[in-house]
Amino acid sequence: MLRASLLAATGLIALLPTAVLAQDAEESFGGAKGADLSIEAMEPDGSDVSIGRAGEHPADIARYLLANGPGAANLSPDGETIAFSWDVTGQSELWVMPVSGGVPKQVTFKTGVSAPVWTPDGSRLFYAADRDGNEQPGYFTITPDGKEETEILPAARGDFRVFGDFASDGSFVYASTARGAGVFDIYRGTLSGESELIVESESGLIPQSISPDGKYAIVTETVGEDADNLYLLDLATKEMTTISKPPVDDRASHTIGGFEWGENSEAIYFSTNLGREYSALSRYDLDEEDIKTAFRPKADVENVELCGPGGSVIAYTENHNGFDRLFIRSKDEGLQMTVPKLPDGNYALDCEGGADPKLMVRVNGWQTPGELWMVDPLEGTAEKVMEANLAGLDPARLICPKVVRYEARDGLELQGLLYLPEGAGTGENAPPVVFSVHGGPTAQSQATFDAVAQYHVARGVAVFEPNVRGSTGLGRTYTTLDDRENRLDSVRDLVDLKNALAADGLIDGDRAAVMGGSYGGYAVNAVLAEYPGEFAAGVSLFGVADWVTALEIASPALKASDKIEYGDIEEERWREYYTVNSPIRKADQINVPVLYSHGVMDPRIDIMETETMVKTLRANGVPAPFIRIPDEGHGWRKLGNQLFYFRKQAEFIEEHLGLSEEQ
């Protein structure tokens with residue numbers, strides 16, 4: 001069923017004579033002071049939009065945005081019920097369904113919830129929900145039948161939280177900034193609403209998983225955006241033992257694959273790139289206090305799951321250039337077991353059960369926005385229990401991205417995913433292109449469902465998703481190559497990749513636009529300022545204009561990692577560096593139209609960053625249309641806002657790449 005009542009979208013131009021802030025001081029989060037409503041901007045106004053007819057090609061962009069499937073999902077402790085988030089109503093809610101399939105049942109309403117977590121006895125679902133993306137959630141539980149809902153910990157202004165795990169007695173650990181020191185401390189809470197600060201932090205501590213016997217919690221400490229230190233917290237004595245704390249220059253990640261405990265709390269199974277380029281499946285024995293490595297593939301091991309009789313089955317995925325591969329092995333012998341064929345894309349796993357284990361795989365791929373599969377890890381068989389709704393799109397017309405590699409001007413091999421229109425020409429007949437830059441910067445463009453990319457490709461425009469230096473998934477060293485003074489090297493990579501693709505005759509380099517959100521939005525601002533003339537237009541969503549102000553007022557989630565990734569802005573050397581090397585300082589070199597957008601409730605990057613770019617470009621006579629969304633934070637969660645924004649973005653890109661209405 002299409003969400004007709006939520007098909008909201010035409011724009012309203014707001015032009016007010018004097019500066020008015022959209023929030024008062026009490027409503028400011030993460031340093032945000034609210035929007036300057038005197039700046040001319042478009043905002044969603046709730047008007048209806050048309051979506052075209054099913055089967056039309058190319059389809060209206062609304063069809064691609066309406067295509068949907070289940071989000072984050074978890075199995076109940078008995079392995080009989082799946083709980084998952086799903087935005088079919090227009091915003092994310094909790095749903096449940098039997099593992100055998102059937103009609104899903106909606107459990108929450110108007111919450112904007114993210115991921116569900118089952119309580120240890122399986123009687124309730126735990127979830128977090130914030131206000132319009134401000135990332136300061138309250139904690140709640142609800143029964144799987146949706147008949148009883150309880151507020152556990154109310155949301156509090158300035159209290160950013162990260163849930164950790166449940167103990168078998170129903171208590172839980174989580175990280176919180178409630179102390180007011182601007183860092184994440186560790187708290188222990190109960191389902192009756194009690195909460196106790198158990199470990200104070202000087203930087204950022206995040207609890208990850210509690211042992212089956214309830215004695216220990218795994219704790220990580222953020223070290224930059226790409227690494228962490230690993231500790232074992234004794235929940236009785238509140239003492240922490242170091243498991244792994246390499247030097248900062250040799251830092252490593254231990255959280256890539258999550259954490260699984262041995263049945264008797266004797267060992268921890270996880271994935272780490274400690275001492276190597278790619279993360280390997282590893283085991284830490286509590287008695288021996290030693291990390292042993294089991295498998296060392298030339299790809300990151302992710303999604304580690306343990307189940308089966310006595311925890312004898314271990315399942316995990318390997319990330320190969322943004323495409324996941326599923327592996328199932330016997331834990332002790334390491335023998336590879338039969339794995340069923342699954343659709344291409346990105347996988348998320350959850351495994352429950354002893355003698356009769358059930359492995360759930362959520363697939364999000366270039367041809368599916370989400371589906372759920374139940375795998376029998378002992379038999380190697382699989383059954384799809386929930387499929388995606390493609391909103392009338394023909395799956396045969398969706399494009400699989402091609403992995404491409406090119407050498408940067410300094411000799412470094414760069415990588416990315418290229419979506420080419422069906423029957424695309426080459427050379428003089430090559431298609432125009434949109435570069436879509438991921439955020440992070442420690443993130444990776446992967447072969448997941450990309451509604452915007454598929455829309456543009458269907459309209460004859462290539463889409464390239466670069467993994468410039470600093471991206472994950474391509475080795476530990478590669479991830480560090482954009483740190484601090486090397487920031488602009490990753491910006492230069494965009495130009496090198498564009499020119500290499502054009503030299504190969506795959507794209508029309510003279511008709512290239514660049515877009516990105518968050519850090520990707522910064523990259524758009526930076527490449528247009530540093531390399532004028534390389535791109536014909538830009539689209540910057542909630543990006544950074546001035547690193548000095550952005551780092552000064554970053555939310556606690558970002559401050560914990562910023563000092564290593566960007567440098568300590570309190571130090572004069574970094575203040576001087578970013579005073580020179582921020583897009584706003586070179587904005588007078590931007591000479592092409594740029595579409596800007598920002599959510600008023602954004603706690604990560606102040607809306608002032610976008611407002612500054614808009615005002616500067618307009619003062620320089622450069623077109624800078626601006627879309628301001630009052631009820632969103634760092635990204636667009638709500639369907640009505642998505643439909644409004646992405647239609648405007650598509651129109652802007654097509655206009656400036658010279659596409660005709662007929663195309």
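Given the structure is predicted, the values throughout are model-derived calculations rather than measurements.
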*asked:* If you define the side chain from C-beta out and look only at heavy atoms, does anything of V403 sit under 4.5 Å from F323?
replied: yes
*Within-4.5 Å side-chain heavy-atom neighbours: R325 and F327*: yes
*Answer whether the closest heavy-atom distance between the side chains of T81 and V99 falls below 4.5 Å.*
no
*Report the C-alpha distance between I268 and Y216 in whole Å, list the side-chain angles of each, state the deciding distance to 0.1 Å, and finish with yes or no for side-chain contact (heavy atoms from CB on, under 4.5 Å).*
CA-CA 11 Å; I268 303 166; Y216 302 104; over 6 Å; no
*Using distance alone, with no hydrogens and no angle criterion, decide if E221 and Y231 have a side-chain donor and acceptor under 3.5 Å apart.*
yes
*asked:* Let's go through T220 and D228 carefully: what are the C-alpha distance in whole Å and the side-chain angles of both, what is the deciding distance for side-chain hydrogen bond (donor to acceptor under 3.5 Å, both in side chains) to 0.1 Å, and is it a yes or a no?
replied: CA-CA 6 Å; T220 56; D228 44 68; 5.5 Å; no
_Pair V162-F184, side-chain contact (heavy atoms from CB on, under 4.5 Å): steps then yes or no_ = CA-CA 9 Å; V162 180; F184 283 103; 4.0 Å; yes
*Reported OG1-to-CH2 distance for the pair T108 and W95, which is rounded to 0.5 angstrom*: 9.0 Å
*Hey, what's the ring geometry for W636 with F542, parallel, tilted or perpendicular (30° and 60° as the breaks)?*
perpendicular
*asked:* Salt bridge check, R124 against E148: does any charged N sit closer than 4.0 Å to a carboxylate O?
replied: yes
*So, are R637 and D130 salt-bridged, with charged N and O less than 4.0 Å apart?*
yes
*side-chain contact (heavy atoms from CB on, under 4.5 Å) partner of F126, chosen from F166, W118, F140*: F166
*What's the spacing between W373 CH2 and L359 CG if we round to 0.5 Å?*
12.5 Å
*asked:* How long is the straight-line distance from CG of L75 back to CG of D350, given to the nearest 0.5 Å?
replied: 4.5 Å
_Any donor-acceptor N or O pair under 3.5 Å, side chains N303, T317_ = yes
*Under 4.5 Å between any side-chain heavy atoms of H254 and S244, yes or no?*
yes
*Count the heavy atoms of every other residue, nucleotide or ligand shown that sit under 6.0 Å from CG of D290, and state whether that count exceeds 12.*
yes
*Are any of the side-chain nitrogens in R179 or E200 under 4.0 Å away from the carboxylate oxygens of its partner?*
yes
*Salt bridge present between R476 and D250 (N-O < 4.0 angstrom)*: yes
*Flag, side chain of S471 to backbone of Q444, donor-acceptor distance under 3.5 Å*: no
*K358 and E80 ion-paired at < 4.0 Å*: yes
